[in-house]
Structure formats: C-alpha cells, structure tokens
Amino acid sequence: MGLKSLTDPVVLTMPGNERQAAALCALLQAKTGKAIVRHFPDGESAVRLQEDLWGRDVMILCTLDHPDAKLLPLLWLAAAARENGAARIGLVAPYLPYKRQDNIFAPGEIVSARHFAALLCDHFDWLVTVDPHLHRIANLSDIFSIPAVAVHAATAIARWIRANVPAPLIVGPDEESRQWVEDIASRCQAMSVVLEKQRTGDTTVRIVARGLPRADDRTPVLVDDIVSTGRTMQEAARRLCELGFRRPLCVAVHALFAGSAYGELRALATDVVSCDTIGHPSNRIAIAELLAAGVETVSRQAFPGGAMV
Ligand code: R5P
C-alpha cells in the first residue's frame, strides 16, 4: 500500500492512539511524526510540533470516544500543523462521536452531529472513520463539507465470526442495526433476525422479539455498532435467554462501555468482542487495514492530482 496522491505523508498521533498509529504507518508506508500533546497544571491543553511539516500531507490519528476532553487538544494539534506549513491535514478518527444526536428530539435541543462535523471541517481537509452511526443523516457528505470516507467493519467482523463461531444466528437488537446485521449474516452465510427496541431514557430500553426462529443449537451472535450504557445488548441478551436460546455472544464495532456496562454485559453473554476502534479489553478484531484502505480511497478520490511520493 502507498499513498501516491499525498506528499511525503506523516502521521501525528494523539495520546492513546500509538498502537493503531504504528499499524497504520506500516500499512501506508507513512512516517510517524513527533509532537507533544500535554496539559498545563491548570488543565489547559498545550501542543508542540517536533517535526518539519512544510509542504507535507499530515494525518492526525485520534479516536474520539470521550470527545469533549479530546477535541480541543486535537484542534490545537491541527492548528499547529496548519501554522507550520502542512499542505493538507486529514483526520483519521476510528470512532466518530455525536452521530446519534442526529435529530431534535425535544424542544431546545440541537443536532450535535452537525455542529460537531462543522467544528472538524474548520480544521481538517479530509476525514476517514469506521462505521459512523448514520441513521437519520444518511451520508457523511450531508454534514461534512470536506471529503469524508466511512469504511465498514462488516468484513472483518464476519471473518472473525466465521473463524470462531461454528453455527451462528446473527441477531440485531434494533432496526438501526439491520444494516450491519444483514451484511454480516450474508458474509457468514448465516440466518439473521432483527429485534425491536423501545428506548424510553438513557438507560431504559425494552426489547420486543418477533419472528424469531425456534431456539436450537445455534449460538445467537448479537451485533451492534455501538455499546454505550450496554442496555440495548443486555436487554436483547436477556430476551433471547427467556425465549430458550443459548447465551449470546455479543459483538460491537465501537466499545464505548460507559460505567459498569462491560461487566454487566459479560455476565449475560458467553463473550463480548469488539473492533479496536476504541482501545478496550474486549478488542479482538483489528481495523488498521480498513483505516489504511480508507485513507487510500480519500486521497485518491479527493486529491487525484497530488504530488507523487
Ligand atoms: C443506537 O441505535 C445504536 O445502534 C446502539 O444500539 C446504541 O447506541 C446502544 O446504546 P446503549 O449501549 O446505551 O444501549
């Protein structure tokens, strides 16, 4: 893999993303750039570049769980790259937050998804992410004015399920998961079903199961894009067990796991597995190759006339 349309590409890494950055640099044959990101004793953020970025294509790798704490230092680093002559600055964000706030659900709220995208567009020239939660906003281009590419973990998840689960029944906990569930099931040549979810609060969820096949020896594999409070997966797992199914295996793309959610879900499942878009003990499915493919796609599509490396 190489980036023919980017000039002397360099990856800057926000703290906590070092392992993913090393994998990405190796796949893209890009250099790792040096930068210090730290906090002053009073909590304000400080960045210092230790790399000559003049005329170069810069990628900043930063997964954006806990975005409120990460955003400002990330924007400072992008500003430093810009002020120090970077030709273009891309953001590789394996997890892109605020995508579930894609509507005004009650008077006085805002569509945070749009505001967050606008902040990123002010500082970056392109974006690559993994399975953003696109529901009421259909495409990244509806909210991003910069080239933005979403890569999909379905292939990697399906490969993992094929290698590890002999007879899977792929189950989606809610209608929004259908897009991932059906794709993964067809790649695994397995049957899929999608349950119905009613969410009445941040941590209150009801799952209704209709049209399920008879419980048999298959292992239900619950698949969702995000596990946050874990209530969706927990209630779906409980419902399956009440209906006589085996304890499910739970697979998520993005392992947010707020508070005690991970432990609570493990108590209900045979195992909990996630992609490494967010560093977490459940990470079992690597996505560096997907990120590299995304960077290649965005650089080829958006900057076809760039200088050759
Ligand atoms: C929403 O539809 C998403 O796909 C997930 O189902 C949801 O974000 C999971 O949230 P929680 O873990 O808090 O139930």
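Remember, it's 1-based here, ligands and their atoms both numbered in the order they're listed. Quick note: residue numbers are just sequence positions, from 1. Just the heavy atoms: all of them, side chains too, but no hydrogens, waters or symmetry mates, feed the values below.
Applying the salt bridge (charged side-chain N to carboxylate O under 4.0 Å, His left out) rule to R82 yields the partners D125; only residues at least two apart in sequence or on another chain are considered. Legend: residues meeting ring-ring contact (aromatic ring centres under 6.0 Å, His included) with Y98, ordered by chain and number and at least two apart, are F116.
If you look at ligand 1, the protein residues with a non-hydrogen atom under 4.0 Å away are R100, H133, D174, E176, K197, R199, D224, D225, I226, V227, S228, T229, G230, R231, T232.
By the rule that hydrophobic residues join a cluster once side-chain heavy atoms approach within less than 4.5 Å of another member, V11 and V128 end up as members of one cluster.
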task: Kindly indicate, with the supporting measurements, whether the criterion side-chain hydrogen bond (donor to acceptor under 3.5 Å, both in side chains) is fulfilled by W180 and D131.
output: CA-CA 9 Å; W180 296 285; D131 282 319; 3.3 Å; yes
Check: Can H133 and D225 be said to form a side-chain hydrogen bond (donor to acceptor under 3.5 Å, both in side chains), step by step?
Finding: CA-CA 7 Å; H133 186 87; D225 59 336; 2.6 Å; yes
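Applying the ring-ring contact (aromatic ring centres under 6.0 Å, His included) rule to pairs touching residues 254-289 yields Y95-H254, F257-Y262, F257-H280, Y262-H280, sequence neighbours excluded.
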